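Reading through the structure tokens given below for one structure.
Per chain, numbering begins at 1; letters A, B, ... match sequence-line order. For clarity, every value in this text was computed on a predicted model and none was experimentally measured. The analysis underlying the following values was restricted to heavy atoms, covering all of them including side chains, and did not include hydrogens, waters or symmetry mates.
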Amino acid sequence: MYYRNYIAKKLDMESITPADIVLPPNSEMGDFALPCFKLAKVFRKSPVQIAEELKNSFVIDEVISEVSAVNGYLNFKVNKVGLANNVLTRIAREGDGYGSSDIGKGKTICIDYSSVNIAKPFHIGHLSTTVLGGSLYKIYKFLGYNVVGINHLGDYGTQFGKLICAYKKWGNREEVERGGIHAINALYVRFNEEADEKMESEAREYFRLIENGDKEANNLFEWFKKLTLDYVQIIYDKLNITFDSYAGERFYTDKMQPVIDELKEKNILKESEGASIVDLESYGMPPCLILRSDGATLYATRDLAAAIYRKNTYDFYKCLYVVAYQQNLHFKQVFKVLELMGKEWAKDMVHVAYGMVSLEDGAMSTRKGKVVWLEDVISRCVEKAYAVIDDKNPDLENKEEIAKTVGLGAVIFGALYNNKIKDIVFSYDKVLSFDGETSVYVQYTCARANSVLAKYGEKIELPEAYEPNPQEVEVIKALAALPQTVLDAAEKYEPSLIARYAVDLAQKYNKFYIDCRILTAEGEAKAFRLSLTEAVLQTLGNALSLLGIGVPEKM
RNA sequence: GCGCUGUUAGCUCAAUUGGAUAGAGCGUUGGUCUACGGAACCAAAGGCUGGGGAUUCGAGCUCCUCACGGCGCACCA
């Protein structure tokens, strides 16, 4: 942004703002450019002529070293010595904080993500919300926001009555202790396969018992809940995911009545076919169901209560829901109802929607056993990483640790590399591929950089007057782009921008690395290239850590 | 039927939000190889950006329309 501001200021014209300064397609043309087409109307001259005139009146200085006019574009080249110095000193000074900011100071962002269901194991479909939310959490923290990570547990509903019913009929304590969450899930699956009308009604009764505080039913439920949370915690630890609140659906049991009262009071609630709804027809949406005809609350009721509770508790600046696009309509309805209730903060609610995961032979189905468990994906990636390390670098210490960093990186990176809205067809071939645009490529680049620095082993001093060659400039420019990339990722709720940034920087460094000797270079070139290497290592590490991915020194 | 969303190289995806010659990875073909780590690098081939229209000096991006896929549309979450 610095250069854009500088150029715009220097041009000193009302109709030119820093946002008008663009980047040329390649750096031979220049480092920045001003398209003069819009100015053509203002000045009633051809863009070519305007560019030419601007070029002639522009005074070269110590920041901008060259100006040229090409086909209606005014192209600028910046002084590379200054550029390199600014970027490299800044990275050295800011270290792990390079790319961070304080724009979020004093603002709170709530992020609802992962939101596991009690008694259901993690499958590959839960990966997106978990790593997307986890990364947004880190990104906003990095930008100075106060962040509240919320795991909105799925801990309410008749399925828990079914589960208790199944457990009482077929289960026993040792089996569940031994089999953990998969044993619980098996009971639930069996219920859905075998239950008759009698069991269904028993299940409804058990659910009522939970609701009414029955001791036995609640003890069982709490036990299932604990087993689930212990189980997911292991996965969260591996994925570098943290939460500040586990207030789930049940937490809002006693917070829905006030919402219903408020809706009535504000005359928004309507009777329809025996149920209570908020009519959204004039907004082109189906009605939002608040109470079933039997008086029971619904999904939307709880989400309304949760939103209001979060606003009251955290006074958020924004409240994000990292949930698949399947629920687009649901969130549109809930947000609209909040607006109709007169909550001016309804505009701060954001549904961060992402694409669906399916398998190569179609949609996943727990009932049919067509499911890929996340823990299996993780262990296969780690095993593969171990095998490759063992093959290429058998004498390495901490091979297990490194394999974890590499394998888990691949799992996370694979889920974050593309635009979140794209659907994903899961395939083991893809997650287990460690070539090309992957976290492994980025980590490998870091390992190389580390290796160079370790061989040199002395303190590195950045030379002040070194004129970088074109390949070095490419790396410098890529390095400079991290702060803006982090801001963009936050603004668009899109961690993939950071993942792509990391690959881009790694590619540029690798190109430089192949063509330019570092340790055998002479004098200033050597010192500069070592500084560059240090900066790349630091910056790649910062980028990956925003995704929850670590960087091994060797691999 | 209505709404949301997607469609870019053989495959998986980018494209600085309307700018210059649409770029990467995988795959294919050919090359770099006694090294600062080959999990790398270079080169070639591969495109009417799903079709058609409109707006604009300029459209992969905006608008209209059609086609194909995904998701959703009242008592599940």
Handout entry: A/Lys392 side-chain N/O to B/A39 phosphate OP1/OP2 under 4.0 Å
Key = yes

Handout entry: Residue-level proximity of residues 352-360 of chain A to RNA chain B when a heavy atom falls under 4.0 Å
Key = none

Problem - N or O in side chain of A/Ser451 less than 4.0 angstrom from B/G37 OP1/OP2 - result: yes

Problem - Distance test, side-chain N/O of A/Gln326 to OP1/OP2 of B/G72, below 4.0 Å - result: yes

Practice task
Looking at every strand, decide which applies to A/Leu453 at a 4.0 Å heavy-atom threshold: base, sugar-phosphate, or nothing.
Solution key: nothing

Practice task
Answer with base, sugar-phosphate or nothing: what part of the nucleic acid does A/Met285 contact at a heavy-atom distance below 4.0 Å?
Solution key: nothing

Problem - Near-parallel close stack of A/Tyr444 and B/G37 base (under 5.5 Å, under 30°) - result: no

Exercise for the section: Kindly say if A/Tyr299 contacts the phosphate of B/A77, meaning a side-chain N or O under 4.0 Å from OP1 or OP2. Expected result: no

Problem - Ionic contact status for A/Lys511 with A/Glu474, cut-off 4.0 Å - result: no

Problem - Plane angle bin for A/Phe37 and A/Tyr73 - parallel if under 30°, tilted between 30 and 60°, otherwise perpendicular - result: perpendicular

Close N or O pairs between protein and nucleotides 6-10 of chain B (under 3.5 Å):
| unit_1 | atom_1 | unit_2 | atom_2 | d |
| --- | --- | --- | --- | --- |
| B/U7 | OP1 | A/Lys422 | NZ | 3.0 |

Exercise for the section: Using a 4.0 Å heavy-atom cut-off across all strands, classify A/Ile389 as base, sugar-phosphate, or nothing. Expected result: base

Practice task
Using a heavy-atom cut-off of under 4.0 Å over every strand shown, decide if A/Asn419 touches base, sugar-phosphate, or nothing.
Solution key: sugar-phosphate

All N/O pairs under 3.5 Å across the protein-nucleotides 41-43 of chain B interface:
| unit_1 | atom_1 | unit_2 | atom_2 | d |
| --- | --- | --- | --- | --- |
| B/C41 | OP1 | A/Tyr441 | OH | 2.6 |
| B/C42 | OP1 | A/Lys511 | NZ | 3.3 |

Handout entry: Residues A/Glu553 and A/Asn450: side-chain donor-acceptor under 3.5 angstrom
Key = no

Practice task
Identify whether any heavy atom of A/Tyr513 sits under 4.0 Å from a base atom; if not, whether one sits that close to sugar-phosphate; answer base, sugar-phosphate or nothing.
Solution key: base

